[in-house]
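Okay, structure first, notes after.
Every chain is numbered from 1, with letters handed out A, B, ... down the list of sequences.
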2 protein chains.
Amino acid sequence: MSNPVYIKIAEEIKNKINRAELKPGDAIASEAALCKEFGTSRMTVRKSLAILANEGYIYSIPGKGNFVRKPQHNKYILYYDEMNNAINSVDKTKLLEVNIIMPDEKLADELQITRNKNVIMIRRLFYTDGDPVAYDVKYLIYRKGMPIVEKEIEHATFTEMISGSTSLFAIKKELTIYARTPDEDIKRYLNIYNELALMVVEQKLYNSEDKPMGLGITYFRGDYIKLQGISQ
Amino acid sequence: MSNPVYIKIAEEIKNKINRAELKPGDAIASEAALCKEFGTSRMTVRKSLAILANEGYIYSIPGKGNFVRKPQHNKYILYYDEMNNAINSVDKTKLLEVNIIMPDEKLADELQITRNKNVIMIRRLFYTDGDPVAYDVKYLIYRKGMPIVEKEIEHATFTEMISGSTSLFAIKKELTIYARTPDEDIKRYLNIYNELALMVVEQKLYNSEDKPMGLGITYFRGDYIKLQGISQ
DNA sequence: TAGTGGTCTAGACCACCGT
DNA sequence: CGGTGGTCTAGACCACTAC
């Protein structure tokens, strides 16, 4: 164990919190006190505290001190990619339609545009081992420089579609996840003959000015998708 | 704008990345070079770089330099609480059963215990405006000091149930989310008379030694739950 | 006024990488 | 070897809080 000092200090405080010697709301020793206790400089102590703050253990109030935070017991990390999930990955896609459409009221509202703006609609089917597992619709607000080449669109995830025209770092995305029963169209597309639930995932993309760039809705066969989240 | 220097440096580099002047894999200017460029000390520059690293923009290789990271375009933050979601919150609960059981093979396997260990099973219904919206089953490995008081159990979320006996900071949780059609039991519990999909959320709790502490399965009516995730 | 955290400096030594 | 990032020091000044 030749861990840096600031790691050791952070671990020590973390243990105190985990053993409940320090409870949420409690003040932890002042930076000066920690310097003395560990015989180190203030910058080192502050580095430890920065780690704890980053991991959600503590927060600081200038002029007062550092305090133990109430744990965020409902925050999870979720990895979502329409082509890959915990139990399945898409190995083939089929382009059903690419079209320029005028949005209906609901879509115009979602994309925060007027109804006379052009929107690219892309409808696809995703396959695994020859079976259709998901029906996918994407709506993209048309802008110049956008590649509407079928080759590029057919196999791309939502983010990949717009990666040509925008830096991926500048994008914000929102997911909405819910369960539905399929309508007749989707039953036909996904070869559903008996009762089966769908997992629906809506993806909404925003540019760096928080304006919507596109909306994607993917209807997965319930038996072909599991999403997984991990706390913190 | 009287932002600290380290914020300005971070923003400047961030902008270069967002404008694609710096692309994934590119090396950014060395710390010494940045010190000169911004007329500041190395610790200040390093603070800026620490922020960028934390936000996923860059990574560093000791002895080589700092490099622009490929954006994690599939990572989302999800807030999940079995009692509250984007479109609904539970206002009443009903305790169906609390029992000590011996786990079957599947459960014993999930909880990584032998089949002769005691497990607390809690079955509940969640209500909104008088209607049942979710059926909830929790399995907790029994340990001393665990409050099996019905009052405490009836209205608690999974994390709240174990918060008495363990520090919440020490807990890791995993979510598994999928869609299913209801079986006859659940149809009866949730007053489902026609086709309706269920959203199923499994919660698995681990202690600080990564040993399972409990498993919870919540079956939501599809029309009463939406989960939402935000990128980064 | 004394104590707290927030920012910043100008050094230092180290381990690691490339030539 | 020189250049890189990783760690660490011993100061400094500031704004804020509490008394």
Side-chain angles (χ1 to χ4, degrees), chain A residues 1-17 21-72 169, chain B residues 1-17 21-72 169:
Chain A
M1 284 275 280
S2 61
N3 272 341
V5 183
Y6 69 87
I7 298 281
K8 285 181 187 166
I9 301 176
E11 298 286 359
E12 196 128 327
I13 299 172
K14 224 183 271 189
N15 287 338
K16 278 188 185 170
I17 295 174
E21 290 171 36
L22 289 168
K23 295 183 202 71
D26 285 2
I28 69 177
S30 78
E31 296 179 358
L34 290 169
C35 290
K36 269 191 186 171
E37 181 183 343
F38 292 97
T40 183
S41 79
R42 196 169 153 226
M43 284 307 252
T44 303
V45 164
R46 280 182 62 74
K47 184 147 189 172
S48 309
L49 298 180
I51 291 172
L52 295 175
N54 235 302
E55 294 181 0
Y57 281 85
I58 65 170
Y59 62 96
S60 70
I61 302 179
K64 292 190 74 176
N66 288 283
F67 301 87
V68 178
R69 192 191 291 277
K70 276 198 283 287
Q72 275 272 30
F169 281 106
Chain B
M1 284 277 279
S2 61
N3 272 341
V5 183
Y6 69 88
I7 298 280
K8 286 181 187 165
I9 301 176
E11 297 285 0
E12 196 129 327
I13 300 173
K14 225 183 270 191
N15 287 337
K16 277 189 187 171
I17 295 174
E21 289 171 37
L22 288 168
K23 295 183 201 72
D26 286 0
I28 70 178
S30 77
E31 297 180 358
L34 290 170
C35 290
K36 270 191 186 171
E37 182 183 342
F38 292 97
T40 184
S41 78
R42 194 166 155 229
M43 283 307 252
T44 303
V45 164
R46 280 183 64 74
K47 185 149 189 171
S48 308
L49 298 180
I51 291 173
L52 295 174
N54 236 302
E55 294 182 0
Y57 282 86
I58 65 170
Y59 62 96
S60 70
I61 302 179
K64 292 190 74 175
N66 288 284
F67 301 87
V68 178
R69 192 191 291 278
K70 278 198 280 288
Q72 275 273 28
F169 281 108

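The phosphate of C:dT4 (OP1 or OP2) has no side-chain N or O of A:N66 nearer than 4.0 angstrom. Proximity of A:Y6 to the phosphate of D:dC8: no side-chain N or O atom is located under 4.0 Å from OP1 or OP2. Of the side-chain N and O atoms in B:K47, one or more sit less than 4.0 angstrom from OP1 or OP2 of C:dT7.
Atom OH of A:Y59 and atom P of C:dT4 are 17 Å apart (whole Å). For the pair B:I7 CD1 and C:dC8 P, the interatomic distance rounds to 9 Å; values are reported in whole Å. At whole-Å resolution of the value, CZ in B:R46 and P in C:dT7 are 17 Å apart. Rounded to whole Å, the distance from CG on B:N3 to P on C:dG6 is 15 Å. Spacing between atom CZ of B:F67 and atom C1' of D:dG5 amounts to 10 Å, rounded to whole angstrom units.
Here B:F38 contributes atom CZ and B:E12 contributes atom CD; the two are 4.0 Å apart, rounded to the nearest 0.5 Å. One distance of note links CD1 of A:I7 with NZ of A:K47; it measures 8.0 Å at 0.5 Å rounding. The structure places OG of A:S30 at 10.0 Å from CD of A:E37, a figure rounded to the nearest 0.5 Å. Note: A:I9 CD1 to A:T44 OG1 = 6.5 Å, rounded to the nearest 0.5 Å.
When every heavy atom of B:P24 is checked against every heavy atom of B:P71, the shortest pair comes out as CG-CD, 4.2 Å.
For the segment residues 23-32 of chain A, residues with any heavy atom less than 4.0 angstrom from an atom of DNA chain C are, sorted by number, A:S30, A:E31.
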Base versus backbone protein contacts along nucleotides 9-19 of chain C [heavy-atom cut-off under 4.0 Å; B, S, -]: BB-B---BSS-
With a cut-off of 3.5 Å and sequence neighbours excluded, list every side-chain donor-acceptor pair involving residues 49-68 of chain B.
residue : atom : partner : partner atom : Å
B:E55   : OE1  : B:K14   : NZ           : 2.8

